[in-house]
Amino acid sequence: MVAAFVVGLVSGAVTLAFVLSMPADVPLFTVRVQSGLLLWLAQNSRLLSATVLALLLSLGTMSIIRNVHDILRMRRAISGTDVQNAFPLFQE
């Protein structure tokens, strides 16, 4: 759980640094096609990239928490204290 907390702090700092290092008026990419969707993507590319980065980092934090919980559950099952709930996929 401490690892997830540390990863959350580091990823928050990385996301904040990424957002603050970007100039607000310069897009990441430009498209020569004047389609409505592509024009909107080009205009909001900085905000969209920061949002995607934050979503990926939160997904990584959630996977760390889930792995820690799985390891703790397996450890309890090996010690014999929580055998019924240790492996829910293999219950009869």
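A heavy-atom distance below 4.5 Å is found between the side chains of Arg76 and Arg73.
Every residue two or more places apart in sequence or in another chain that forms a side-chain contact (heavy atoms from CB on, under 4.5 Å) with Leu56 is listed here: Val52. Partners of Val10 by side-chain contact (heavy atoms from CB on, under 4.5 Å), not counting sequence neighbours, listed by chain and number: Val6, Val14. Annotation: side chain to side chain donor-acceptor pair (under 3.5 Å) contacts of Asn67 (sequence neighbours excluded): none. By the side-chain contact (heavy atoms from CB on, under 4.5 Å) test, Thr51 is found to be paired with Leu47, Leu55, residues two or more places apart in sequence or in another chain being considered.
Grouping Ile, Leu, Val, Met, Phe, Trp and Tyr by side-chain contacts under 4.5 Å, direct or through others, puts Met62 with Leu59.
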